[in-house]
Protein chains: 2
Amino acid sequence: MSAHTDHAHTAAAPHDHAHCVADALTRADALCAERGARLTILRRRVLELVWSSHRPRGAYAILEDLSQQDGKATAPLTVYRALEFLVDQGLVHRIESLNAYVGCAAPGASHSGQFLVCEGCGDAAEIDDPSIRSAIDAAATVRGFRVQRPTVEVRGVCKDCQEKHP
Amino acid sequence: MSAHTDHAHTAAAPHDHAHCVADALTRADALCAERGARLTILRRRVLELVWSSHRPRGAYAILEDLSQQDGKATAPLTVYRALEFLVDQGLVHRIESLNAYVGCAAPGASHSGQFLVCEGCGDAAEIDDPSIRSAIDAAATVRGFRVQRPTVEVRGVCKDCQEKHP
DNA sequence: GCTCATGATGTTATTTTATAACATTTCTAA
DNA sequence: TTAGAAATGTTATAAAATAACATCATGAGC
Ligand SMILES: [Zn+2]
Ligand SMILES: [Zn+2]
Ligand SMILES: [Zn+2]
Ligand SMILES: [Zn+2]
């Protein structure tokens with residue numbers, strides 16, 4: 001069995017993050033190839049920067065990284081367009097309540113877009129809980145509402161932060 | 001029994017909206033009095049403007065209304081501060097995915113903050129579905145996450161809009 | 001190889017949304 | 001009435017996102 005287990009990595013838990021990012025990029029390469037979507041150099045760089053931490057990152061933070069790497073100013077649109085592509089491909093999620101973006105832990109699989117957002121450390125743990133999804137679907141169906149994109153963002157305090165500040 | 005029934009009004013369904021707004025203001029008066037919170041003239045006016053439709057409204061739209069009523073420019077902060085108060089009191093909800101605000105249909109009661117947001121008509125129907133809430137609580141508990149404020153915003157198409165564009 | 005249509009990126013300017021810092025006014029309770 | 005606190009006014013700025021248009025890259029078809 002691989003050293004990389006299935007359990008989700010977090011910003012807090014120490015782990016081989018380079019591997020983590022490399023995995024994400026490899027998955028993205030495979031998925032885009034499979035779909036005929038063009039994961040260009042720029043988009044791939046932006047994806048890598050989104051993954052640079054396990055925390056949600058703002059578009060302008062990514063913009064700064066990009067500008068610094070290139071030694072010249074990059075325009076916001078450059079980043080926003082790349083992010084739009086990545087979100088459309090399901091490689092990145094946008095956290096609405098933070099105006100920020102985070103790499104998807106399981107692209108390809110169904111994305112319900114559920115996050116536990118910690119007020120303490122800023123971590124946004126992606127979960128995919130079928131019972132939340134089915135409860136939403138049921139509530140929508142009863143009201144004749146056709147679901148396109150359910151968003152669940154739960155603000156609170158993660159386990160680690162609770163232990164640190166009891 | 002009152003002419004006003006319990007079922008939720010929507011922007012689409014014709015109804016006595018003046019009554020609708022008056023009710024919201026009366027409820028707000030009562031709640032704030034009960035809590036010793038100060039629903040000042042300004043805050044009450046902003047609440048009324050939030051309720052001016054059943055659709056989410058942006059802070060700057062409310063700002064324009066306010067400026068027009070007074071015949072002079074109002075500063076954004078004026079509106080944002082009032083909105084902050086109203087959100088804190090649970091009289092208004094912020095729809096994160098729209099950067100907009102909508103009157104709460106049932107202030108005082110527990111607010112889980114669940115919305116069905118229609119892409120067609122812009123309506124944001126507030127629901128309070130216990131099974132969604134308990135599914136979220138269960139998922140959080142399993143992960144040791146302490147829930148403070150769950151946000152559910154479901155994008156899709158409402159019943160009316162589906163019937164209009166089949 | 002060329003050629004053109006399409007998609008991607010560059011460039012400049014602007015819009016939309018939200019907050020900071022500090023002054024003044026209003027309310028409340030002692 | 002008179003602090004002290006809360007609310008509002010004022011001015012300036014920050015943060016997030018998009019519009020409009022030009023240029024460049026890519027790849028299918030010839
Ligand atoms: Zn990692
Ligand atoms: Zn935390
Ligand atoms: Zn109404
Ligand atoms: Zn609709």
Side-chain angles (χ1 to χ4, degrees), chain A residues 28-29 32-33 35-50 55-67 69-89 91-102 122 124 151 153, chain B residues 28-29 32-50 55-67 69-89 91-102 122 124 153:
Chain A
D29 286 333
C32 288
R35 294 170 181 166
R38 291 166 60 183
L39 185 60
T40 61
I41 306 287
L42 178 62
R43 290 167 173 171
R44 204 169 185 278
R45 283 178 68 201
V46 169
L47 178 59
E48 187 172 11
L49 290 171
V50 168
R55 294 196 170 86
R57 305 200 71 207
Y60 278 74
I62 291 165
L63 180 62
E64 274 189 30
D65 292 347
L66 212 54
S67 297
Q69 285 183 359
D70 293 349
K72 63 174 178 176
T74 308
L77 254 189
T78 302
V79 169
Y80 279 105
R81 287 196 281 223
L83 287 171
E84 184 184 20
F85 169 86
L86 296 169
V87 169
D88 284 348
Q89 295 297 324
L91 298 168
V92 164
H93 291 290
R94 175 180 159 79
I95 310 290
E96 300 291 347
S97 57
L98 295 175
N99 293 339
Y101 301 81
V102 69
T151 297
E153 295 176 11
Chain B
D29 286 333
C32 287
E34 192 179 313
R35 294 171 182 165
R38 291 165 61 184
L39 185 61
T40 61
I41 307 286
L42 177 62
R43 290 167 174 172
R44 204 170 184 277
R45 283 178 68 201
V46 169
L47 179 59
E48 187 172 10
L49 290 170
V50 169
R55 294 196 170 85
R57 305 200 70 208
Y60 278 75
I62 292 165
L63 180 62
E64 274 189 30
D65 292 346
L66 212 54
S67 298
Q69 286 182 357
D70 292 349
K72 64 174 180 180
T74 309
L77 253 189
T78 303
V79 168
Y80 278 105
R81 286 195 282 222
L83 287 171
E84 184 184 19
F85 170 86
L86 296 169
V87 168
D88 284 348
Q89 294 297 324
L91 298 167
V92 164
H93 291 290
R94 176 179 160 81
I95 311 288
E96 300 291 348
S97 57
L98 295 176
N99 293 339
Y101 301 81
V102 69
E153 297 177 9

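Here the closest heavy-atom approach between residue B/Glu153 and residue B/Glu96 is recorded as OE2-N, 2.7 Å. Between B/Ala100 and B/Pro56, the shortest heavy-atom distance links the atoms CB-CB, 3.6 Å. Pairing each heavy atom of B/Ser67 with each of B/Thr74, the nearest pair is OG-N, 3.1 Å.
To the nearest angstrom, P of C/dT9 lies 10 Å from CG of A/Leu86. What separates CD of A/Glu84 from P of C/dA8 is a distance of 11 Å, to the nearest Å. Whole-Å rounding puts the A/Tyr60 OH to C/dT16 P distance at 14 Å. Between A/Phe85 atom CZ and C/dG7 atom P the separation is 13 Å, expressed in whole Å. Atom pair B/Ile41:CD1 and C/dT26:C1' shows a separation of 12 Å (rounding to whole Å applied). Separating the CG atom of B/Leu83 from the P atom of C/dT17 is a distance of 13 Å, rounded to the nearest angstrom. The interatomic distance linking A/Tyr80 (OH) with C/dT17 (C1') rounds to 11 Å, in whole Å.
Of the residues near DNA chain D, B/Asn99 and A/Arg81, the one whose nearest nucleotide (by heavy atom distance) lies more toward the 5' end is B/Asn99.
Between A/Asp29 and A/Arg44 a salt bridge is recorded (basic side-chain N to carboxylate O distance below 4.0 Å).
Using a 4.0 Å cutoff to heavy atoms of chain B, the contacted part of DNA chain D runs 5' to 3' from D/dA6 to D/dT11.
A heavy-atom distance below 4.5 Å is not found between the side chains of B/Leu91 and B/Arg43.
Looking at heavy-atom distances under 4.0 Å, B/Arg43 makes contact with sugar-phosphate atoms alone, never a base. Among the heavy atoms of the strands lying under 4.0 Å from A/Leu77 is at least one base atom, whether or not backbone atoms are also near. When heavy atoms are screened at a 4.0 angstrom cut-off, B/Arg38 is found touching the sugar-phosphate backbone but no base atom.
When each of B/His93, B/Arg57, B/Arg94 is checked for a side chain to side chain contact (heavy atoms under 4.5 Å, CB included) with B/Tyr101, only B/Arg94 meets the rule. Looking at A/Leu39, A/Val46, A/Leu47 one by one, the single match for side chain to side chain contact (heavy atoms under 4.5 Å, CB included) with A/Phe85 turns out to be A/Leu39.
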